Amino acid sequence: MQETQTTYYKTPLGIAKIIGNENGIQSVSVLNDDAISDKLLHSKTPTCLQDCVLQLDEYFSGKRINFTLKLNPQGTDFQKRVWAELLNIPYNKTRTYLEQSKALGDVKAIRAVASANGKNPIWIIIPCHRVIGSDGSLTGYAGGIWRKKWLLAHENPVKQQSLF
């Protein structure tokens, strides 16, 4: 079994902790405290995680809308199905938890789908931030509602119309 590697990456929303190996990215999480030492933050990124850092950098700079990374999230079969369905939500679009449940073939599984979304281990890349409440509300986001709001605004910036 491949040993996992870890790196830290500074995003506009906090420090991301990235874990993975040659088998794929297992986890991208945002840390709620910025107490990561500069030494850790500026340490050499393991080769197997470099493409993830590059693609996140491109995403945050507005140059990337799709990720092309090998993913290896750890979870139950149901969670993996839910996370795979999240990958079908296009950039700049949202779906409701009910729509996600329907896409998975069980409208009654809405709470289980919401729970699996909340356990998504690969922040941003598996876009659980694109799932909203049926009333359009920004419900439940493990990284904090303010981050979900920021990510949705980043993916759908309001374009000011020219007056002239």
Side-chain angles (χ1 to χ4, degrees), residues 1-37 40-41 43-60 64-91 93-106 108-132 138-148 150-152 154-155:
M1 184 161 174
Q2 289 271 350
E3 186 175 326
T4 59
Q5 304 286 319
T6 302
T7 195
Y8 296 90
Y9 166 72
K10 187 174 180 108
T11 79
L13 299 173
I15 304 296
K17 181 179 182 180
I18 304 167
I19 300 171
N21 58 27
E22 298 301 329
N23 296 324
I25 302 300
Q26 289 182 2
S27 172
V28 176
S29 57
V30 64
L31 305 177
N32 283 321
D33 87 46
D34 290 334
I36 298 297
S37 73
L40 273 179
L41 193 55
S43 63
K44 183 170 172 19
T45 300
T47 303
C48 63
L49 303 178
Q50 288 176 354
D51 202 30
C52 183
V53 169
L54 173 69
Q55 289 189 34
L56 283 169
D57 204 45
E58 291 170 345
Y59 171 85
F60 283 114
R64 175 172 292 276
I65 61 172
N66 293 307
F67 292 93
T68 57
L69 297 165
K70 185 176 181 181
L71 303 179
N72 188 18
Q74 306 299 300
T76 67
D77 288 344
F78 178 76
Q79 288 170 332
K80 289 178 183 178
R81 280 185 47 232
V82 170
W83 301 333
E85 186 57 39
L86 288 170
L87 293 169
N88 293 324
I89 305 173
Y91 182 90
K93 301 289 182 202
T94 58
R95 284 196 190 150
T96 66
Y97 290 101
L98 179 60
E99 290 169 329
Q100 283 299 96
S101 297
K102 286 179 181 176
L104 288 160
D106 187 355
K108 294 177 184 169
I110 191 166
R111 286 180 185 245
V113 167
S115 177
N117 274 10
K119 291 178 174 65
N120 171 18
I122 304 180
W123 182 56
I124 298 175
I125 298 164
I126 297 179
C128 60
H129 61 278
R130 296 180 188 152
V131 182
I132 60 174
L138 303 183
T139 60
Y141 189 63
I145 294 295
W146 73 272
R147 286 188 178 106
K148 183 173 189 163
W150 189 99
L151 289 165
L152 292 173
H154 174 70
E155 293 183 5

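Keep in mind that this is a model prediction, so the values were computed, not measured.
Put simply, CD on Q74 and OG on S27 are 10.0 Å apart, with the number rounded to the nearest 0.5 Å. If you take NZ on K119 and SG on C128, they are separated by 12.5 Å, rounding to the nearest 0.5 Å. Atom OG of residue S29 and atom CD1 of residue I15 lie 11.5 Å apart, to the nearest 0.5 angstrom. Between the CD1 atom in I132 and the CD atom in Q100 there is a gap of 11.0 Å [rounded to 0.5 Å]. Rounding to the nearest 0.5 Å gives a distance of 10.5 Å between OG1 of T4 and CG of N72. Remark: L49 CG to K44 NZ distance equals 11.0 Å, nearest 0.5 Å.
Within the 3.5 Å criterion, the main-chain N or O of L13 finds no donor-acceptor partner in the side chain of W146. Judged by distance alone, with hydrogens and angles left aside, the side-chain atoms of N120 form a donor-acceptor pair with the main-chain N or O of I126 at under 3.5 Å. Although no hydrogens or angles enter the test, the distance criterion places a donor-acceptor pair under 3.5 Å between the side chain of Q55 and the main chain of T68. Between the side chain of S115 and the backbone N or O of R111, no donor-acceptor pair lies under 3.5 Å.
In this structure, T94 and I89 have side chains that are not in contact, with every pair of non-hydrogen atoms separated by 4.5 Å or more. Between V28 and I124 there is no side-chain heavy-atom pair separated by less than 4.5 Å. Between Q26 and N21 there is a side-chain heavy-atom pair separated by less than 4.5 Å. Using a 4.5 Å heavy-atom cutoff, the side chains of Y9 and D57 are in contact. Looking at N88 and R95, their side chains come closer than 4.5 Å, going by heavy atoms from C-beta outward. Within the 4.5 Å cutoff, no side-chain heavy atoms of W83 are placed close to those of L71. Counting heavy atoms from C-beta on, the side chains of V131 and V113 never come closer than 4.5 Å. Side-chain contact between L56 and T11: absent, with no pair of heavy atoms (C-beta onward) separated by less than 4.5 Å.
The two residues S101 and A109 come nearest to each other via the heavy atoms OG-C, 3.7 Å. Of all heavy-atom pairs between K148 and T139, the closest is NZ-O, 2.9 Å. Across all their heavy atoms, L104 and R81 have their closest contact at O-NH2, 3.0 Å. Counting all heavy atoms, side chain and backbone alike, L31 lies closest to K17 at CD2-CB, 4.2 Å. F78 and A112 make their closest contact through CE2-O, 3.6 Å (heavy atoms, listed as atom of the first residue, atom of the second, distance). Nearest approach of C48 to I25, heavy atoms of both residues: O-CD1, 4.4 Å.
Applying the side-chain hydrogen bond (donor to acceptor under 3.5 Å, both in side chains) criterion to T47, with sequence neighbours excluded, gives no partner residue. Under the rule for a side-chain hydrogen bond (donor to acceptor under 3.5 Å, both in side chains), the partners of T45 that lie at least two apart in sequence or sit in another chain are T7.
The aromatic rings of H154 and F60 are tilted relative to each other, their planes meeting at an angle between 30° and 60°.
Residue pairs meeting the side chain to side chain donor-acceptor pair (under 3.5 Å) criterion with at least one member in residues 121-132, sequence neighbours excluded, are W123-Y141, H129-E155, R130-E155.
Atom NZ of K80 sits in a crowded spot, with more than 12 heavy atoms from other residues, nucleotides or ligands closer than 6.0 Å.
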